[in-house]
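Reviewing the structure listed below.
The chains referred to below are lettered A, B, ... by the order of the sequence lines, with proteins before strands, and numbering in each begins at 1. Keep in mind that the numbers below use all heavy atoms, side chains included, and drop hydrogens, waters and symmetry copies.
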Amino acid sequence: MTPLNRQQIAWRVGQDFENGMLVNLGLGMPVNCSDYIREGREVVIQSENGVIGAGPLASPNAADSDLVDAGSRKITIAPGGTVIDSAWSFAMIRGGHIDVTVLGAFEVAANGDLANWDNRIPDKGPLVGGAMDLAAAAKEVWVMMDHTTRKGAPRLLGACTLPLTAPSCVTRIYTDLAVIWRDAEGFLVKEIVAGLSREDLQSRTGAPLRFAPDCGVLAAPDIAEKD
Amino acid sequence: MTPLNRQQIAWRVGQDFENGMLVNLGLGMPVNCSDYIREGREVVIQSENGVIGAGPLASPNAADSDLVDAGSRKITIAPGGTVIDSAWSFAMIRGGHIDVTVLGAFEVAANGDLANWDNRIPDKGPLVGGAMDLAAAAKEVWVMMDHTTRKGAPRLLGACTLPLTAPSCVTRIYTDLAVIWRDAEGFLVKEIVAGLSREDLQSRTGAPLRFAPDCGVLAAPDIAEKD
Amino acid sequence: MAIDKRVGSAAEAVADIGEGAVVMISGFGGAGFANSLVLALRDRKVGGLTLVVNSATHPLSQTHTLIEAGLVRKVICSAARGRGADLSPFELLYKAGKIELTVLPQGTFADSIRAGGAGIPAYYTPAAYGTGLGEGKETRRFNGRDYVLEEAITADVAFVRGDIADRFGNLTFRHAQKNFGPAMATAAKLTIAEVRVAQSEPIAPDRIELPGVFVNRVVTA
Amino acid sequence: MAIDKRVGSAAEAVADIGEGAVVMISGFGGAGFANSLVLALRDRKVGGLTLVVNSATHPLSQTHTLIEAGLVRKVICSAARGRGADLSPFELLYKAGKIELTVLPQGTFADSIRAGGAGIPAYYTPAAYGTGLGEGKETRRFNGRDYVLEEAITADVAFVRGDIADRFGNLTFRHAQKNFGPAMATAAKLTIAEVRVAQSEPIAPDRIELPGVFVNRVVTA
């Protein structure tokens with residue numbers, strides 16, 4: 001059994017972006033998804049600092065400190081892109097105009113509850129950013145994360161233990177082991193990595209799994225992990 | 001006794017615009033005030049359709065049907081002017097950024113109540129436009145109107161009889177007979193046309209008048225009435 | 001498959017607007033009326049419409065043609081008075097009790113549309129407090145001042161007039177053409193823009209006034 | 001006397017900001033920080049400030065210098081976590097109970113500032129409902145969905161970073177420099193813009209991104 005690395009998870013998410021979608025990608029792992037949009041599809045990447053149509057990272061000699069995304073990365077503007085102010089950018093988010101937001105997470109519950117902003121690190125200040133607005137208002141909230149913690153504890157749970165970002169919002173979870181849709185009845189496995197049994201996946205998951213009739217193999221091309 | 005004509009009232013209002021003020025002028029008589037700003041003063045005229053820095057009417061050969069004010073007049077943009085959308089224009093109004101709005105009125109009460117939107121014309125549809133937003137939120141609401149109705153009934157009253165535009169908002173009234181400030185105690189006459197006694201002015205007014213210690217003569221240069 | 005929101009005609013652009021639709025129409029003071037789309041909708045003859053339009057009676061708007069054709073059930077606006085003493089098509093139907101009307105202060109009209117597009121279900125405004133238009137509305141005091149609660153306005157379709165569009169649906173506006181267009185585009189399930197020029201080439205990022213993500217179809221008119 | 005909002009230096013621009021002022025500071029993601037004004041304010045050494053700033057800890061912002069100098073009583077922000085395991089100046093003071101903090105979802109932060117400039121005292125948003133940040137806040141259901149009531153944020157002063165200004169205070173922004181600048185400029189009693197170029201000649205009407213009526217002083221920095 002070979003779990004996907006993070007770039008491979010990003011690749012897998014990227015395959016599911018449809019032509020013309022407006023997509024917001026969270027800081028960290030999710031921003032990599034835009035590298036893996038299928039040939040021939042145009043997807044508009046929204047960054048919550050107001051870049052509508054974010055392009056790839058700028059080359060070092062084209063980098064412009066005024067052209068950044070919400071993660072402070074020096075980026076480019078894709079053809080057809082523009083920049084709006086933060087109030088309008090969040091009006092776009094809150095107004096339900098984002099087709100999909102892809103977010104990292106600490107925990108996801110079977111009822112769709114998301115915990116991704118407060119890991120209770122002692123003494124460190126809070127950082128919520130745009131996570132609550134995105135989770136509350138995007139048409140779909142897709143989570144990408146490792147299936148378990150480094151210590152092997154499940155991140156897909158019956159109920160979140162960490163502070164919530166938004167209740168009942170997650171619609172899909174892409175992990176290193178599986179692709180799981182979340183519906184009114186809980187978790188529904190759509191794909192599972194080769195060599196991992198359904199029982200093994202269930203044992204690494206803190207809530208009951210159902211398996212889709214067409215449950216397939218989660219596979220990705222060889223892509224090296226980045227820093 | 002010679003009452004001011006409407007252009008002369010507009011002239012008198014125009015004398016009181018200070019340098020740098022942001023001023024909104026209502027449809028009808030008030031838009032003429034911008035013709036009478038004192039030499040050397042720059043005043044920014046806001047039209048609620050979003051023109052910030054409205055200039056004079058366009059000459060016939062420069063008229064552009066896309067460059068209009070809230071009264072559908074083909075105008076120009078003054079140096080430093082721009083155009084914003086209606087939501088932002090009314091955010092500017094509602095947010096208290098307008099220093100002065102000059103509005104026409106049917107009635108003004110001694111407590112500052114303004115009635116300028118509904119004259120109870122049978123069968124005609126209602127038209128409120130931006131009047132309520134302006135009256136409720138401008139820092140100062142100046143009214144310009146004839147002192148009495150055509151039949152001689154007072155328009156400055158103890159209480160308005162027509163539907164209100166906003167309560168307790170009017171700070172000044174410029175009429176063909178007088179300039180009157182409105183404060184917590186009611187009407188305070190600051191200027192009165194030559195040849196009209198204080199008693200005569202009071203008899204044409206439906207609420208008690210006080211006269212300022214420095215009450216002066218309301219006079220304007222000869223300006224022909226326009227259509 | 002590249003994004004391309006340009007369609008061939010106004011008729012094609014409005015072809016799926018159904019009976020009873022709530023339709024926003026841009027335009028104010030003579031500028032920015034989406035008249036080609038309005039006329040195309042009239043030609044479809046679908047009735048029971050609710051119009052969200054600043055004025056029900058502006059002489060340069062074609063809104064009256066929908067009203068005269070009997071297609072309009074309700075109007076939400078800030079102005080519904082025809083010019084002069086004669087009654088306008090709207091006023092005749094309103095007098096006859098054949099059309100519903102909601103009149104809002106223009107700033108409330110504008111911000112309720114903005115709220116509709118911004119996911120804000122309701123907000124407080126000082127406009128209309130203590131007036132007939134505020135009667136029956138919930139009120140509340142903040143910091144010693146009284147406000148009325150106003151709810152968001154959304155629509156099935158928005159008709160917006162712009163100047164230049166590109167294949168992404170990005171728009172520019174000429175001067176006062178802008179007015180209610182940007183807010184309405186955000187508040188409707190389907191936004192259709194009629195423009196002077198609909199080009200393939202992207203508009204420069206710093207010239208775009210309405211991001212194309214708010215626009216679904218573009219037609220030259 | 002023509003309008004001319006340009007002043008000679010950042011020090012002059014902030015010279016009348018007093019003890020206990022509420023100060024908004026633009027900037028997000030590394031762009032649009034009004035750092036020259038922040039440093040000039042630090043040099044004035046007026047204390048008891050409340051900062052309204054997206055992040056209390058962004059490494060490219062000079063906000064931390066106000067905090068380190070002990071001039072800040074309270075921070076309203078959406079991000080207050082320093083990078084890495086070491087505690088930032090803000091975190092050290094916060095841990096010691098010497099600084100107050102209000103954390104808001106970023107969209108709430110943005111729209112509360114917008115509301116502050118738009119005369120809207122309060123509005124409903126879905127963000128933070130059912131979370132710790134929504135605890136203690138008034139909630140209400142509209143159309144089957146739950147929202148929290150959020151109040152407007154206003155300030156005594158806003159520091160905004162722009163690209164070009166003219167004598168009227170009109171501003172343009174470069175790319176993502178815009179972020180919170182336009183909203184903050186509307187929500188403060190006094191708005192000061194620092195820009196790359198402050199020219200006498202008016203900016204073309206269709207290039208202006210923030211009307212000068214929202215800007216009181218302009219300084220080149």
Side-chain angles (χ1 to χ4, degrees), chain A residues 27 47-51 54 63-77 81-96 113-115 117-119 121-137 160 162-169, chain D residues 26 28-32 54-60 75 77-82 85 87-88 90-92 94-95 101 103-111 113-115 117 125-134 146 161 163 173-184 186 209-210:
Chain A
L27 308 192
S47 187
E48 60 265 36
N49 69 332
V51 181
D64 182 331
S65 60
D66 288 334
L67 184 45
V68 293
D69 67 9
S72 304
R73 305 180 319 149
K74 295 189 178 78
I75 59 167
T76 53
I77 296 184
T82 188
V83 182
I84 58 179
D85 82 313
S86 294
W88 201 3
S89 174
F90 277 95
M92 185 183 281
I93 291 168
R94 197 187 311 101
D113 287 0
L114 170 68
W117 78 281
D118 184 357
N119 204 12
I121 308 169
D123 297 331
K124 292 297 287 179
L127 193 172
V128 65
M132 286 190 178
D133 305 275
L134 285 160
C160 291
L162 288 168
L164 291 194
T165 307
S168 195
C169 60
Chain D
S26 73
F28 181 12
N54 180 55
S55 166
T57 56
H58 197 287
L60 297 175
V75 173
C77 67
S78 83
R81 186 181 302 159
L87 298 189
S88 64
F90 170 83
E91 288 165 316
L92 287 167
Y94 183 55
K95 183 185 173 189
L101 173 67
V103 175
L104 295 170
Q106 200 165 46
T108 302
F109 179 81
D111 228 52
I113 295 168
R114 190 257 178 198
T125 175
Y129 179 83
T131 77
L133 291 190
D146 295 302
R161 175 82 202 177
D163 188 42
F173 298 93
R174 281 193 76 235
H175 309 310
Q177 205 175 49
K178 195 180 249 183
N179 59 70
F180 296 97
M184 287 179 170
T186 69
E209 295 177 81
L210 178 69

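What you find for D:His175 and A:Ile77 is that their closest heavy atoms are ND1-CD1, 4.3 Å. Heavy atoms only, all atoms of each residue included: D:Ala31 and A:Ser65 are closest at CB-O, 3.8 Å. Closest approach of D:Thr108 to A:Arg94, counting heavy atoms only: N-NH2, 4.5 Å. The two residues D:Pro105 and A:Met132 come nearest to each other via the heavy atoms CG-SD, 3.8 Å. A:Pro126 and D:Val103 get closest at one heavy-atom pair: CG-CG2, 3.4 Å. A pairwise comparison of heavy atoms in A:Leu127 and D:Ala79 identifies CG-CB, 3.8 Å as the closest pair.
There is no contact between D:Ala56 and chain A, counting heavy-atom distances below 4.5 Å. With a threshold of 4.5 angstrom between heavy atoms, A:Ile75 does not approach chain D through any atom at all. Interface remark: D:Leu104 contributes backbone atoms only to the contact with chain A (heavy atom separation under 4.5 Å). For D:Ser55, no part lies under 4.5 angstrom from a heavy atom of chain A. Interface remark: A:Ala70 contributes backbone and side-chain atoms alike to the contact with chain D (heavy atom separation under 4.5 Å).
At least one side-chain heavy atom of D:Arg174 sits under 4.5 Å from a side-chain heavy atom of A:Asp64. Taking the side chain as every heavy atom from C-beta outward, A:Trp117 and D:Leu133 approach each other to under 4.5 Å. Considering only heavy atoms from C-beta on, A:Pro167 stays 4.5 Å or farther from D:Asp146 through its side chain.
Remark: side-chain polar atoms of A:Lys124 are paired, donor with acceptor, to backbone N or O of D:Gly82 under 3.5 angstrom. A donor-acceptor pair under 3.5 Å links the side-chain atoms of A:Asp133 to the main chain of D:Gly107, judged by distance alone.
No other option in D:Ala176, D:Ala110, D:Gly181 has as many heavy-atom pairs under 4.5 Å with chain A as D:Ala176.
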